There are 2 protein chains.
Amino acid sequence: MQYIHHNDLAKMTPRYKARVINSLSGFKSANLIGTVSNDNINNLAIFSSVFHLGSSPALVGFITRPCSVERHTLENIQQTKQFTINQVNEDFWQEAHQTSARYSEGECEFKATGLTPETIHKIKAPFVKESRLKYALTLKEIVPIQQNGTLLVIGEITNIICDKEAIKSDGYIDIESLNTVMISGLDSYHTSKRLSRLNYAKPDKKPVPLSLNGELGNTLI
Amino acid sequence: MQYIHHNDLAKMTPRYKARVINSLSGFKSANLIGTVSNDNINNLAIFSSVFHLGSSPALVGFITRPCSVERHTLENIQQTKQFTINQVNEDFWQEAHQTSARYSEGECEFKATGLTPETIHKIKAPFVKESRLKYALTLKEIVPIQQNGTLLVIGEITNIICDKEAIKSDGYIDIESLNTVMISGLDSYHTSKRLSRLNYAKPDKKPVPLSLNGELGNTLI
């Protein structure tokens, strides 16, 4: 085992340290956030910091820097109060990564990467047509994080678009069947292989595997 | 494609809705948070909301409810200002899930699940011996989320313990080689399969695959 102490961290170069620290939280979700400016210029950017905040109300959050390559996303959300989140899958993970390049404000990441913008009734922010699970959100709150000057952007989910077959009978969405990818560190992309669903844990019982539909009686692999 | 609108969400039962909404953010990290109370009772609880906040300073955050099964974790962190985060791997994912059972305050999840507490010099909070990537944190801030009454707990990383072979020459940690697992929805566990690392994206160039050590010239699968 390697023991890395606070002093060792202080001696690392910023890039080396960024790679180490970005590996620590575990696998991260890979999502494209779609926005549009008041001037009708679409923006698309990959984020690895999208996370579940609560289901009632249905809230999702993500972390952004106030001034960074992602600033078009933030500016557009502040202007229009709306954004879309689009799960990245195996069919376009390289195009998704490419959206992290520093395109200028007038350049559109959809055009640059070949991904297809898609809009639906009443939602101005663009979805990614190639994504098989995506949703629109209304901005609820931007929480400043004092510790490092980042911002937590919180949205409430208004419209979900998802491949029908992936939605199981108890509400679980089989995102593995959608070939949804994840990120480790800053730049590594992965697909998934299911171990099992498990039932709700109780103190005096061992966990029991569930079928994809949430039924008891499956066999653990 | 299935289109789910705001009105449809309102009609769902709370459990069905929780399963749907918990699937939307994508794959989630699987981590055990270790704490100790002032009375020296260890606590261990699984969290799927641990996320990277920044590398300089090295900050990680997680979301908790003020009153819930996780409250021992929160109370202990408030008392001692310290906690550990331990990546869950394929060797103990079922034991990790079992920590989510509602054990009473006096019961120790280590004893109940058979996982092994491990302490190091100057860190009172217990690590999970079976985890191959784990770190200690000092509490920096607890940010209340107005939208749903949850709390964002932010810690600064002080000590990292990691399998040596997993740390690559550029600082990237190959968490796939540690068999780190991830969660989808509320209860599904998965392992990973790497597509590739990719180089830093530039506007006029296609992404190029990197070797595990971060070198150019690998071939994309």
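Note: hydrogens, waters and symmetry copies are ignored here, and every other heavy atom, side chains too, is used. In what follows, chains carry the letters A, B, and so on, assigned in the order in which the sequence lines appear, proteins first and then strands, with residues in each chain numbered from 1. Keep in mind that this is a model prediction, so the values were computed, not measured.
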> Identify which part of L178(B) has an atom lying under 4.5 Å from any heavy atom of chain A, answering side chain, backbone, both or neither.
neither
> Should R194(A) and S188(B) count as side-chain neighbours, where that means a heavy-atom distance under 4.5 Å?
yes
> Taking side chain as C-beta onward, heavy atoms only, is Y3(B) less than 4.5 Å from N159(A)?
no
> Where the side chain of Q98(B) meets the backbone of K202(A), is there a donor-acceptor pair that is under 3.5 Å apart?
yes
> Measure the shortest side-chain to side-chain distance between W93(B) and S196(A) over non-hydrogen atoms and say whether it is less than 4.5 angstrom.
yes
> Check whether any side-chain N or O of R19(A) sits under 3.5 Å from a backbone N or O of D170(B) as a donor-acceptor pair, and report yes or no.
yes
> Quick one: does L53(B)'s side chain get under 4.5 Å of T150(A)'s, heavy atoms only?
yes
> Under 4.5 Å from any heavy atom of chain A, what part of Q146(B) do you find: side chain, backbone, both or neither?
both
> Please walk me through it: do Y172(B) and S184(A) pass side chain to side chain donor-acceptor pair (under 3.5 Å)?
CA-CA 9 Å; Y172(B) 171 70; S184(A) 72; 2.6 Å; yes
> Above 12 or not: heavy atoms from other molecules or residues under 6.0 Å from NZ of K17(A)?
yes
> Side chain, backbone, both or neither: which part of E165(B) has a heavy atom under 4.5 Å from chain A?
neither
> Nearest 0.5 Å, what's the CG-CG distance between L186(A) and L198(B)?
12.0 Å
> Between Q87(B) and chain A, with a heavy-atom cut-off of 4.5 Å, which part of the residue counts as in contact: side chain, backbone, both or neither?
side chain
> Using the benzene-type ring in the case of Trp, are the ring centres of F27(A) and F27(B) under 6.0 Å apart?
no
> What distance do L210(B) atom CG and D187(A) atom CG have between them, rounded to the nearest 0.5 Å?
5.5 Å
> Using heavy-atom distances under 4.5 Å, tell me whether N31(B) contacts chain A through its side chain, its backbone, both, or neither.
side chain
> Can you tell which part of L133(B) gets under 4.5 Å to a heavy atom of chain A, answering side chain, backbone, both or neither?
side chain
> Find out whether H52(A) and I21(B) are in side-chain contact, i.e. whether some heavy atom of one side chain is under 4.5 Å from a heavy atom of the other.
yes
> Side chain, backbone, both or neither: which part of I157(B) has an atom under 4.5 Å from a heavy atom of chain A?
both
> Calculate, to the nearest 0.5 Å, the distance between atoms CD1 and CG belonging to I160(A) and L9(B) respectively.
4.5 Å
> Rounded to the nearest 0.5 Å, what separates atom CD in Q2(A) from atom NZ in K164(B)?
5.5 Å
